[in-house]
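So the structure is just underneath, and the comments pick up after that.
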Amino acid sequence: MTSETIPVNVLARWSRLADAAAKRIDSGLINDTFIVETNDGERAVVQRLHAVFPAEINLDIAAVTERLAAQGLTTPRLIPTDDDALWVVDDEQIWRALSYVQGATHQKVASAAMLKNAGRLVGLFHSALEDFEHEFHSNRNVHDTAEHLNRLQAALGQHKTHSLYASVSRLAKSLFDSADELIEPSAVPPRNAHGDLKISNVLFDAEEHAICLIDLDTVSRMQWPLEMGDALRSWCNPRTEDEESAVFDLSLFEAALSGYATNSPSYLSREERELLVPGIQQISLELSARFLTDTLEETYFGWDASRYPSQGAHNLVRAKAMHELMTRVREQRSEAERIVRHCLG
C-alpha cells in the first residue's frame with residue numbers, strides 16, 4: 001500500500017514544513033518519497049518507510065551521515081521534528097524528513113566518465129567510514145546468498161502448480177550447480193558499507209560528477225567484495241535490470257575501479273581484492289535466485305503492469321537477466337581480474 005499524500009498531522013511535526021507543497025517522486029520502489037517545498041523556497045525530502053525497515057534504521061543513518069559530514073562529504077541529513085524526534089509514527093507508519101540535495105539520479109549508466117566519478121565517490125565514502133565505530137541497529141544480512149538459495153528451494157517445493165514453474169526450475173538448477181563458488185562468510189571481515197550501491201543510488205550533477213550517495217536505509221557492515229560486487233554488477237551492465245541480454249562491460253569496469261582507486265580505503269587486503277570478481281558473480285547469482293523466488297511467490301516491491309501480465313512474469317525476466325549477467329562475468333573473469341590487479345594492486 002502506498003501513500004499519495006503526506007498526512008497533515010505528520011508534516012505539522014516540522015513547523016517549518018507545515019504549509020509546504022508536496023510532490024510525489026515515483027522513481028523508488030520501496031519507500032514512498034515526496035519532495036516538499038515551502039513558500040520561501042526551502043526544500044526537503046519526506047518519506048514513509050516501507051514496513052521492511054525498522055524505525056531504528058534512522059539512528060544508523062543519523063550516525064553515519066554525521067560522520068560523513070564531519071569528513072567533508074555531501075550527504076542528506078535527517079531533519080529532527082520540533083521536539084527533536086528523528087521519525088514520526090502515524091497510524092503505525094514511519095515517516096521522516098531529510099535535507100534536500102540538488103542533483104539527478106540515473107537508472108542506466110550514461111558514460112565511463114560517470115562511472116569513474118561514481119567510483120571516486122564510493123571510495124571516499126568507504127574511506128570516511130574506515131575507522132567508524134558504531135553498533136548498527138539493523139543487523140539484516142542483505143547478502144546471505146545461501147539463505148536466498150534455501151528460500152528458492154523451499155518455493156520450488158511449495159509452488160509446483162505455478163504456471164511459470166518449469167521455467168523457474170530450469171534456471172534454478174543452474175544456480176544450485178554454481179553454489180560451490182560462493183564466498184565463505186569467514187573469508188574476509190565485514191566493513192562499514194552502504195549496502196545498496198546500484199547506480200540509481202548515486203546522485204549526480206549536470207556534468208555527471210557524483211555528488212553523494214542516497215537511500216541509506218541499508219547502511220550496515222558487510223564483506224567488501226559483496227558491497228562492491230553489487231555496485232559493479234549494476235554499474236557495468238549498461239542494460240536495465242529486466243533486459244534479458246545483460247552484458248558485463250569491461251571498459252566500464254575499468255573506469256569504475258580506476259575512480260575508486262583514487263580514494264580507496266587503506267584496509268583493502270589482497271584477499272578482498274582477489275574476491276571482487278567472484279563477488280560480482282555471487283551478487284548476480286543471488287539476485288537471480290531472489291527474483292526466481294519472487295516469481296513463484298508473486299511478490300516484489302514494484303513491477304511494471306503495463307509490460308507484464310503479472311508480478312511473476314516480470315520477476316522471471318529479472319531472474320533471467322541476472323543469470324545472464326552471472327554467466328557473462330564468469331566468461332570474462334580472467335580479464336576482469338587483470339583489471340582489478342591493474343587498478344587496485
Side-chain angles (χ1 to χ4, degrees), residues 29 105-112 114-116 118-119 121-123 125-126 141-146 148-149 171 174-175 178-179 181-183 188 191 193-202 210 213 215 218 222-260 272-294 300 315 317-337 339-340 343-344:
L29 293 176
T105 59
H106 300 270
Q107 299 301 315
K108 297 175 68 173
V109 172
S111 67
M114 172 186 281
L115 280 196
K116 189 168 186 176
L121 176 65
V122 173
F125 179 91
H126 287 159
N141 185 356
V142 178
H143 295 306
D144 187 343
T145 311
H148 288 298
L149 288 172
L171 205 58
S174 174
L175 300 182
S178 301
E181 301 176 29
L182 300 184
I183 297 171
V188 290
R191 306 292 191 183
H194 177 280
D196 189 14
L197 288 172
K198 58 179 178 283
I199 197 63
S200 58
N201 283 339
V202 183
L213 298 177
D215 283 1
T218 50
M222 70 173 58
Q223 291 174 307
W224 182 86
L226 298 183
E227 162 89 326
M228 288 304 295
D230 194 18
L232 293 163
R233 69 89 199 167
S234 166
W235 298 2
C236 302
N237 176 17
R239 312 287 170 80
T240 61
E241 200 171 67
D242 55 4
E243 289 183 75
E244 290 185 37
S245 56
V247 299
F248 187 69
D249 189 317
L250 289 174
S251 64
L252 296 179
F253 182 63
E254 186 161 14
L257 281 189
S258 65
Y260 186 86
E272 286 169 304
R273 294 193 297 270
E274 289 178 345
L275 288 173
L276 176 56
V277 179
I280 302 169
Q281 284 183 221
Q282 180 166 329
I283 293 295
S284 303
L285 179 154
E286 176 185 299
L287 287 170
S288 185
R290 289 174 61 182
F291 287 136
L292 287 179
T293 301
D294 291 340
Y300 191 62
N315 285 322
V317 172
R318 287 174 165 132
K320 289 178 178 178
M322 291 301 99
H323 182 273
E324 179 72 8
L325 183 60
M326 178 188 74
T327 303
R328 299 285 80 81
V329 174
R330 181 185 285 136
E331 291 173 346
Q332 299 174 94
R333 179 166 173 171
S334 177
E335 180 61 15
E337 289 178 336
I339 292 171
V340 173
C343 292
L344 298 180

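In this structure the side chain of L287 reaches within 4.5 angstrom of the side chain of R233, judged on heavy atoms. A 4.5 Å side-chain heavy-atom check between L121 and F125 finds every atom pair outside the cut-off. You'll find the side chain of L257 reaches within 4.5 Å of the side chain of L232, heavy atoms only. Side-chain contact between N237 and D249 is absent, with no heavy-atom pair separated by less than 4.5 Å. Side-chain contact check for L252 versus W235: every heavy-atom pair is 4.5 Å or farther apart.
For the atom pair CE (M228) and CE (M222), the distance works out to 12.0 Å, reported to the nearest 0.5 Å. For the atom pair CZ of R330 and OG of S284, the computed distance is 10.0 Å after rounding to the nearest 0.5 Å. With values rounded to the nearest 0.5 angstrom, L197 atom CG is found 5.5 Å from H126 atom NE2. Going from atom CD1 of I283 over to atom CG of L226 covers 5.0 Å, rounded to the nearest 0.5 Å. Once rounded to the nearest 0.5 Å, the distance linking CG of L175 with CD of E286 reads 11.0 Å. In this structure, CG on L275 lies 9.5 Å from CD on Q282, to the nearest 0.5 angstrom.
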Given N315 and T293, is the side-chain contact (heavy atoms from CB on, under 4.5 Å) satisfied, shown in steps? CA-CA 9 Å; N315 285 322; T293 301; over 6 Å; no

Could you walk me through whether R290 and R318 pass side-chain contact (heavy atoms from CB on, under 4.5 Å), step by step? CA-CA 10 Å; R290 289 174 61 182; R318 287 174 165 132; over 6 Å; no

From CA spacing to verdict: side-chain contact (heavy atoms from CB on, under 4.5 Å), T145, I183: CA-CA 9 Å; T145 311; I183 297 171; over 6 Å; no

What's the verdict on side-chain contact (heavy atoms from CB on, under 4.5 Å) for H194 and T218, showing C-alpha distance, side-chain angles and the deciding distance? CA-CA 6 Å; H194 177 280; T218 50; 4.1 Å; yes

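Under the rule for a side chain to side chain donor-acceptor pair (under 3.5 Å), the partners of E335 that lie at least two apart in sequence or sit in another chain are R338.
Remark: the backbone N or O of F248 is paired with a side-chain donor or acceptor of Q332 at under 3.5 angstrom. Side chain of S174 to backbone of L171: no donor-acceptor contact under 3.5 angstrom is found. A donor-acceptor pair under 3.5 Å is formed between the side chain of R239 and the backbone N or O of S245. Side chain of N201 to backbone of D196: a donor-acceptor contact under 3.5 angstrom is found. With hydrogens and angles disregarded, no donor-acceptor distance shorter than 3.5 Å links the side chain of E181 to the backbone of P278. Looking only at distances, no side-chain donor or acceptor of S234 sits under 3.5 Å from a matching main-chain atom of D230. A donor-acceptor pair under 3.5 Å is formed between the side chain of Q223 and the backbone N or O of V188.
In plain terms, the two heavy atoms of A319 and S288 that are nearest each other are O-OG, 2.9 Å. When all heavy atoms of I280 and G229 are compared, the closest pair comes out as CG1-CA, 3.7 Å. When all heavy atoms of G195 and H143 are compared, the pair lying nearest together is O-NE2, 4.1 Å. Closest approach of R191 and W224 over heavy atoms only: CG-CB, 4.3 Å. Across all non-hydrogen atoms, the minimal contact from E274 to E337 is O-OE2, 4.3 Å. Considering all non-hydrogen atoms of both residues, A336 and F253 come closest at O-CE2, 3.3 Å.
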